[in-house]
Engineer: 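Attaching a single structure in structure tokens format; questions to follow.
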2 protein chains.
Amino acid sequence: MLRKHLRWTLLAASCLMTTLSLAAVGGKWTPEQLLEHDPDWLRELGLEIPASELWDIEKGGLLEAVVNVGGCSAGLLSNDGLVLTNHHCIFSILQEHSTPERNLIADGFLADGREDELYGTGARASVPHRFTDVTAEIEAAAAAAGDDLARYKAIDRKQKEMVAECEQQAFTRCQVATYDDGVLYQLVEAREFPDIRLVYAPPRAVGEFGGEVDNWMWPRHTGDFSLVRIYAGADNQPATHAGDNRPYRPRRHLPIAHQGVKDGSFVVVAGYPGKTYRSLIGAEMAERAERHFPGRAKLLRDWIEVMEAAGANDESARILLADRVKSLANRQKNARGQVAGIQRGQLLAKKQSAEQEMLAWIAKNPEHQAAADAYRELEAMVNRAAATWERDFLLGHLGQGPKALNLALDITRWAIERAHPDLERHPDYQDRHRDKQLDGQRRDQKRLHPPTESELLADFLYRLTHLPAEQQMPTVEKLLQEGKDHEQIGPLVEGLLDSSRIFDLDARLAMFEQSVDELRQRRDPLINFALDLNAEIIAIEDEQHRAEGAISRLRPTWRRALRTFLGRPVDPDANSTLRVSLAEVAGYRPRDGIWMEPQTRLGGVIEKYTGEAPFDAPQALLNAAPKAATSRWADSDLGDVPVCFLATGDTTGGNSGSPMINGKGELVGVNFDRVWENIANDFGYNPDIARNVSADVRYLLWMLETMGLPGSRALLDEMGVSAE
Amino acid sequence: MLRKHLRWTLLAASCLMTTLSLAAVGGKWTPEQLLEHDPDWLRELGLEIPASELWDIEKGGLLEAVVNVGGCSAGLLSNDGLVLTNHHCIFSILQEHSTPERNLIADGFLADGREDELYGTGARASVPHRFTDVTAEIEAAAAAAGDDLARYKAIDRKQKEMVAECEQQAFTRCQVATYDDGVLYQLVEAREFPDIRLVYAPPRAVGEFGGEVDNWMWPRHTGDFSLVRIYAGADNQPATHAGDNRPYRPRRHLPIAHQGVKDGSFVVVAGYPGKTYRSLIGAEMAERAERHFPGRAKLLRDWIEVMEAAGANDESARILLADRVKSLANRQKNARGQVAGIQRGQLLAKKQSAEQEMLAWIAKNPEHQAAADAYRELEAMVNRAAATWERDFLLGHLGQGPKALNLALDITRWAIERAHPDLERHPDYQDRHRDKQLDGQRRDQKRLHPPTESELLADFLYRLTHLPAEQQMPTVEKLLQEGKDHEQIGPLVEGLLDSSRIFDLDARLAMFEQSVDELRQRRDPLINFALDLNAEIIAIEDEQHRAEGAISRLRPTWRRALRTFLGRPVDPDANSTLRVSLAEVAGYRPRDGIWMEPQTRLGGVIEKYTGEAPFDAPQALLNAAPKAATSRWADSDLGDVPVCFLATGDTTGGNSGSPMINGKGELVGVNFDRVWENIANDFGYNPDIARNVSADVRYLLWMLETMGLPGSRALLDEMGVSAE
């Protein structure tokens, strides 16, 4: 196995002019896969402790200290449930406790003692504790099904049953994690702790230093870290918030490293990456690279322009639409980055050539013929999907543009689904998601600007009605029977929204409780349109579910053969389960002539400082900076306190807050971003530019110690950092 | 002397985190000063040949091969007068020979043979050949003068006499070069060759690749090179263009290096840097850093806005004003860069602390008391000049804003000066500059947009009349006696320009020949105003000349003592004479976390390529690029053909086209720019960011050999690059 690994890492290294060595290999490994790797290879990379120290299927391991806080990854740092995650992951707690007199968002927060820690309403820590392979049961259920749609439904039903049974336990959240569409199904049980309290957050000028300007960029100077504490009941089990709850006592926590990282240091990124697309075959990836992302970049650009035009001369519209514009701009930049990155990394060509190699191997090993057949069938499915590509693409973006319609679709879909038993509903409309749906209806009230909704809906309908004839939707055609031009659609949509109560939150909340019949009786034209449209959408979903049923047969067949072909573990696509990436601290060349150095300094904060957001800085930091070089947290090579570092970590969304761990199993930093050039990493690992961005833990320690905050001494002690 | 040097280089090196070693020392040395340096130190830097090979006061040396072409530096490359300089330095020859059918600007040019080389009308190569120290004669003339104004006039007169006598020789251009305001006066005689022919220029997409976007930036991918040939008469002396002229046979030329540069390579920059300000004392530098450049940045910004507003909705105005806007934007960016760079390099603080050290040394060495006195007097002069600073600042910028007034001032000044004998005139209005002045009047005709001139003049007069009372100019006050508000000045200026013939080129050329009386008879109100204003300006100039007379006493006293204090050669400020900088190829860190690598690759051209200017590229280059790595001009470390490189060269305007020479005396590249961070280099050398930008000669050779142009073989042979 060693030889395979070496060939593979040499391949990666040969793409580079620099000293990048073993660790730029990629891979979001499951904890179990760590144990499958050749121990010699792991040692060569820089892992000084045995892999079984990190994870043991029987006994657990250090990776138990990697938890989930509010959708972010996080790391336990002490025996008393202290957890490190990103600043942006605990923002809602700062919001909750901020007042005009005590602006915690601006000023940051450090609890003087445990009694001062700030409970965050709705904040939750999830600590996975049991992982059960349920592949056999799911496959048994699937095998009994007649066709692919039935297969999809059988799998869906079986998963819901398992989750429902599992969640009978108190404070337990369960999911059936699907790996590569069915190579493995794993029931993951997590304890959900609802009593989370804020211990420390830096001032916004530190935690968000650089803001949108630096987002996805390097060099970075953001102290994107915060500390919270998990509280438990007297039995150390999850308990609702109560004064006599006690700090949670975890089995394992991550000690703070005594030595910082430097260029070339081995690091492990551990966390809960959300979703990637590497198990797609070439034809599927081509659809993403050549149609989906370019189309998405253009569509979102158009909608951003509509919203920006509305806000240009109207301050209140601008405020209402601000976070939608920001979010769309983020997705749009992402889409462009995917296109550019897939091209730059020649990911498609590499994928296709790897597949040709494998198909040639299958030709010589006919016992794997089923894998080649599966591959061909996946290809054929891409071609079939092309027949309704434009329609499906538009429907897939409904949530990002015409919000009034989307709210109406949610309300009516809720009514439609509620008529079914919980286990037979679309998963998003099961009762366990009811609160989240209601929250969404409430939150969106601050994001609605009726004239803009009118424009967005008109635009959306215009696009639907100008689809090729065979892709048009009867409900839309009926609505627009008087005319399909802008001059006709515009007034029609205005009328539709004027006669609807969709912009009225109370009305929406009331509708949310109503049945389909009750909704029809309202004679709200938008609601009626949404009811009709939903019927069509559900039929389209059935076709998609049939495809998913097929994929659940095909992809596992292909992927299992790939594992045999390669003779080494194959990391499955991210699916929000715990993963580990083996990496090294390293710079990169974004383009010819520029080398991004792997570490930044506090001096760089001062260089960027303008006195105004996003490049403001607290006065105490400005005062302390000139002496930083003599601090015990300074790095002698850098001649300054380190701020952020780059590593070759294989990360994606969900890795926010991931602890960065050195070869000794000690914490060296906290991941919070990846670089722009690395966005297409979701489709393939390009060692030249696969770089994740972390805050160096020494910056956190320097902040705590130097900024003169009361309470920092006890906190440093708790983290095992003895007072100087 | 060696110890001194080491201390000095260690000081420079200690500022850097990197491997920058000996050569980041700065200094624009005169050829004579090369011989004053410690030979061991030069060898340590990387100079493998004796300094006397480069220059010998009796016998000349390799630096004779460094010449001047059309205001640019240039290097002789063959026995047959082949000269390498920048693409932008020979642009006018391309313009002259381009037609719609044969667009040499776009396509570039390579002569098939010598008979096809393209004569450039007005192009000139200047080859200095005699350097005479005339300090004693100038000082003798100065000593006889009664006061500082008389002193100024005596020096001015003496210089003019020397130049006039020197220029009696055919095809000879002479100047008395003044070093640090009089430490040394040197009569420089140059042969001026008027028969210059274009041999090779790359397509514009190569020679200007990156255009304004990349100007002053790194990474750079510009092939800013061209080849011309100097032709001479049968006697090898300058001769007017004629068919039977023969290639000039120089005594020395630069061989092409067999080995390219790499990170850390020693390089010499040789050329004719124009003007720097390092001999200024702290008080003078403070005036530049704190008043002059910030004021200039603001004033030019205002005028750019006037011009841009005029062009916003008026295409013809935009065309007329385009190159003025471009030029002002360039100066404005420069002014901002000076402010930022002086601050970044803490040049003022360093200067002041060095001066304090020297004053302390003088206090212990009273034989140098005269230098301290001179220093105090220079300081006092800065304070005195502050009394009329605002007025003098505005008058100093007359040439960059209100062009109609400036043209009128030139015409009338010409008439005023012509009444005096040639040797008594302001140097700019001596007959030897007449053609240049006339050219300027003609060229400006394409840059005049009357409504904008009206606005600019109104703005200028508004600023003058709102100066503190004691700085106001009587001529302006008289003109504006009816009112000093915008509403009054605007119409008045419009009337003034309407009644003037200043926008009529024929009228201007006629006026250019007229006397003061004849001009008065025209009753042109703008001309009359200019005549009156010129009388005032001449009186102000007299005061400035008085100050210059004083400076010619004071600065040399201070600088000579500095030479003694330092115990090593002190490089004088640039003054368009031949200078040599000792440098090394090196990257730099423009800001925390980014390392600019010292070399760029052909692959970087492809990365930047968009198909549109300024990032277009010839198809032949695009075709050849994929095979570049296997070319004999490829650099094995870079894995590609090198394009540009950075070095620690101490350069300024005028160094364009400077040959870059390795330690063996061989040509490795041609300088064409410096980086933005390095603009304030004119005030002091900051080893961290002092980087000049050169095109690698291997890029030129690859272009010639690979691009399939006929004629390249003979040219490569001529340069000693044998066919492969």
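Keep in mind that this is a model prediction, so the values were computed, not measured.
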Engineer: Where do A:G593 and B:R601 come nearest, in terms of heavy atoms and distance?
Structural biologist: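 Nearest heavy atoms, A:G593 then B:R601: N-NH1, 4.3 Å.
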Engineer: Does any pair with a residue in residues 621-643 of chain A pass ring-ring contact (aromatic ring centres under 6.0 Å, His included), and if so which ones, sequence neighbours excluded?
Structural biologist: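 Qualifying pairs, neighbours excluded: none.
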Engineer: Atom CD1 of A:I594 and atom CE of B:M596: how far apart are they, to the nearest 0.5 Å?
Structural biologist: 4.5 Å
Engineer: Among residues at least two apart in sequence or on other chains, which ones pass side-chain contact (heavy atoms from CB on, under 4.5 Å) with B:E308?
Structural biologist: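 By the side-chain contact (heavy atoms from CB on, under 4.5 Å) rule, B:E308 matches B:R301, B:I304, B:V325.
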Engineer: Go through B:T600, B:D640, B:V605, B:L646 and name the one with the most non-hydrogen pairs under 4.5 angstrom from chain A.
Structural biologist: B:T600
Engineer: Is there a side-chain contact (heavy atoms from CB on, under 4.5 Å) between B:D592 and A:H221 once you walk through the steps?
Structural biologist: CA-CA 9 Å; B:D592 182 42; A:H221 297 86; 2.7 Å; yes
Engineer: When only heavy atoms count and the cut-off is under 4.5 Å, which of residues 693-702 of chain A reach chain B?
Structural biologist: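 At a heavy-atom separation under 4.5 Å, chain B is reached by no residue of residues 693-702 of chain A.
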Engineer: Would you tabulate the side-chain donor-acceptor contacts of residues 332-340 of chain A under 3.5 Å, counting partners in other chains and residues two or more places apart, or write 'none'?
Structural biologist:
from: A:Q332; atom 1: OE1; to: A:R336; atom 2: NE; distance (Å): 3.0
from: A:Q332; atom 1: NE2; to: A:A297; atom 2: O; distance (Å): 3.0
from: A:N334; atom 1: OD1; to: A:Q338; atom 2: NE2; distance (Å): 3.2

Engineer: Could you measure the distance from the CD atom of B:E597 to the CZ atom of A:R589? Nearest 0.5 Å is fine.
Structural biologist: 4.0 Å
Engineer: Would you mind checking which part of A:E607 comes under 4.5 Å of any heavy atom in chain B, side chain (CB onward), backbone (N, CA, C, O), both or neither?
Structural biologist: side chain
